[in-house]
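So that the names make sense, note that chain A is the first sequence line, chain B the second, and so on, each numbered from 1.
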Number of protein chains: 2
Amino acid sequence: MNKKKTSLKDIAQKAGVSTALVSYVLNGKEKESRVGEEIAARVRQIASELNYQPNYLAKSLRSGRTRTLGLIIADISNPFFANIARIVEDEAKKNDYTVIIGSSDEDADKSWDLINVLINRQVDGFIIVSSEHTEEQIQYLKNRNIAFVLLDRYFPDIDTDYVALDNYQAAYQAGLHLVEGGYRHVGFVAYRSQLFHMRERIRGYVDALRGSEAGFCPEWLTEVEFTNVDLEVRAGIDLMLAAEKPIDALIFATYRLAISGLKYINELGLNVPDDLAIVSFGQAEAFDLYYCPVTYLQQPMEALGKTSVDVLINKLKDSQQERKQILMEATLIARNSSKIKVLVD
Amino acid sequence: MNKKKTSLKDIAQKAGVSTALVSYVLNGKEKESRVGEEIAARVRQIASELNYQPNYLAKSLRSGRTRTLGLIIADISNPFFANIARIVEDEAKKNDYTVIIGSSDEDADKSWDLINVLINRQVDGFIIVSSEHTEEQIQYLKNRNIAFVLLDRYFPDIDTDYVALDNYQAAYQAGLHLVEGGYRHVGFVAYRSQLFHMRERIRGYVDALRGSEAGFCPEWLTEVEFTNVDLEVRAGIDLMLAAEKPIDALIFATYRLAISGLKYINELGLNVPDDLAIVSFGQAEAFDLYYCPVTYLQQPMEALGKTSVDVLINKLKDSQQERKQILMEATLIARNSSKIKVLVD
DNA sequence: GCTCTTTGCTTAAACGATTAAGCAATCTTT
DNA sequence: AAAGATTGCTTAATCGTTTAAGCAAAGAGC
């Protein structure tokens, strides 16, 4: 029943030496500090007897580094972020870092809160999936000289390190895939957001359609609020189906949107892909279970997560590191939901 | 460009007072410590000018409490745990606690590592979803007098606080539901594990069938390894379908198993529920997307997560708290995958 | 035998906060 | 006016570690 944690002092007392000596021994600095062999052995012996575990608080206070990273995401219960979080956790652990995760719910105020709490807890650096209207926060971190790297989303107008997807090419690829598969009226469901990654996805989609025979029609683009996904997705799909030129294919800009939309398409009794072809961003087990496996844009999750950690840790080691602005490509995994259309005419 | 963080000392210097005074003021102890009004105002003024943010490391080192909880789960990328994690995070934050999450991958060694890392980081207490063969770790925490509460899984032979599901009644309920729906040969896919919650699920299922006309047949029970889910689920389903009395309904003991199993059932071209009825533990968006909405056992996630945090925090406030051993009930959400069978004979 | 180096340890400051104890100066009381 | 109480602050110890600096004893060099 060890009531109290054992400290350096306890070991020092029991060994009849100073805490400095114990510290040297337990940190493997015996050589540099010329510690006697027998005494070193005895210290180690006593340390293990007392089951000594160093207090990281004290270490950190002294060293000024906590070996802790803050990870700010929208919502850990969203599978995309949960996956990212797991990869970040593992990569951090490999480098002896611990991660503290915070969910911002895409809310700028909550994001501020999280950043402040984590700064107070002295994290060494941040990995941030930015929410809308958080440019100010990013600027603040830059000014305060706090290390961070943006993940998945970045601000083109702020010079920062980032690791993200090439969203334009991903969306373009999705649009092209459908057009080449014989679909002419391709809809797109996105979030109503000024976040660059979302604008890029929309831009990629629009460009792909503009390059097609049928062109792009604004009626085919639906933008929904973060806070009211289910209702607005339904309304959007209704509109796109009732348009002058009704859509025969639909791209979802995120996994969440796809889940919501596919449920509704089920309810409507529409047949995928005959009535409506589907492509979605982000992989998900759910897509495998769908009666018609869903074509999706596979993001290099592992690479995104690992790279962001590595970029950050390198920056912590050497603050003079050059800017790292990394874009990765998505891979389109074609399945039945977007199979080549058999033309009737 | 504040290069350095501002500390109490900086404020004290600028105000021409001692750090003690500053500490009293900023902690609202002016009354008890009889601090002059103007000087208090000045200190506050300077603190906000310098954008003072207290160093939690120092606070914690002094107070012996970090206001940090460790949450140990199997895998944050599993939606069940991700959900739990989010709820725990929110409830903790309400009480001014921060959570550090660690994924053990159901591996006892990794679990030990996590516990040790978090102890070194001086977390105030743990919320633990135990992996198999971690009884020793739990006993260690008890002996060291470290606060913790078990979540979702517990060990009947170790006296601890816990918050979990009544797994026996949940599985029993699932079995009964299918039997009453006219299914006679009900299979069960579980993990091969000595973990009590899994044994209870199996026991509940077996008892439900034993109480039915057709009784229970060992061939209908498949247990698969954590590490080889996909292959063993397939093999198990093959066996249960080829049994002397082939199954006409199937219960999955977890969400992961269901995803794996449903994929295979799709591949086999079996029709749910006509060829095979389905009930699964755990809700998931994926179940909504399935062509035939899946009947599932809804766990009171919110209550589980919140209660575990509350139990732990109460224990931290008052270590003499009595044992809290809380079992919650699952709700069966009946959908088409288990609809009442139209008997042919 | 005297200085110089090396060996093997200790002392003490520092990280940033909290807080019990102490000490003048002023105010109250009788 | 003397004693006691109150006010408004400071001093210094403390939490557990690290690490530069110091110091005594032993060994080396001449």
Quiz item: When rounded to the nearest 0.5 angstrom, what is the spacing between OG1 in A:T134 and CD1 in A:I115?
Solution: 7.0 Å
Quiz item: Are B:R121 and A:T98 linked by a side-chain donor-acceptor pair shorter than 3.5 Å?
Solution: yes
Practice problem: Nearest whole angstrom, please: distance from the P of C:dA17 to the NZ of B:K29. | Solution: 15 Å
Self-check item: Set of side-chain hydrogen bond (donor to acceptor under 3.5 Å, both in side chains) partners for A:K59, sequence neighbours left out
Solution: none
Self-check item: Any residue meeting ring pair (Phe, Tyr, Trp, His ring centres under 6.0 Å) with B:F196, in chain and number order, not counting sequence neighbours
Solution: B:Y154
Quiz item: Rounded to whole angstrom units, what separation is found between the CG atom of A:N120 and the C1' atom of C:dA17?
Solution: 13 Å
Exercise. Could you run through nucleotides 10-16 of chain D and give me one letter per nucleotide, 5' to 3': B if any protein heavy atom sits under 4.0 Å from the base, S if only the sugar-phosphate is that close, - if neither?
Key: BB-BBBB
Exercise. For the residue pair A:Q139 and A:E135, confirm or rule out a side-chain donor-acceptor distance under 3.5 Å.
Key: no
Self-check item: Of the listed nucleotides C:dC9, D:dG8, C:dT19, the one nearest the side chain of A:I39
Solution: C:dC9
Quiz prompt | B:Q13 CD to C:dG16 P, straight-line distance once rounded to whole Å | solution = 12 Å
Quiz item: Rounded to whole angstroms, how far apart are CG on B:N27 and C1' on C:dT19?
Solution: 10 Å
Self-check item: Atom pair distance, as rounded to whole Å: OH in A:Y56 and C1' in D:dT17
Solution: 12 Å
Quiz item: Do B:S104 and B:S131 have a side chain donor and acceptor closer than 3.5 Å?
Solution: yes
Practice problem: Return the value, rounded to whole Å, for the distance between atom CZ of B:R34 and atom P of C:dA24. | Solution: 15 Å
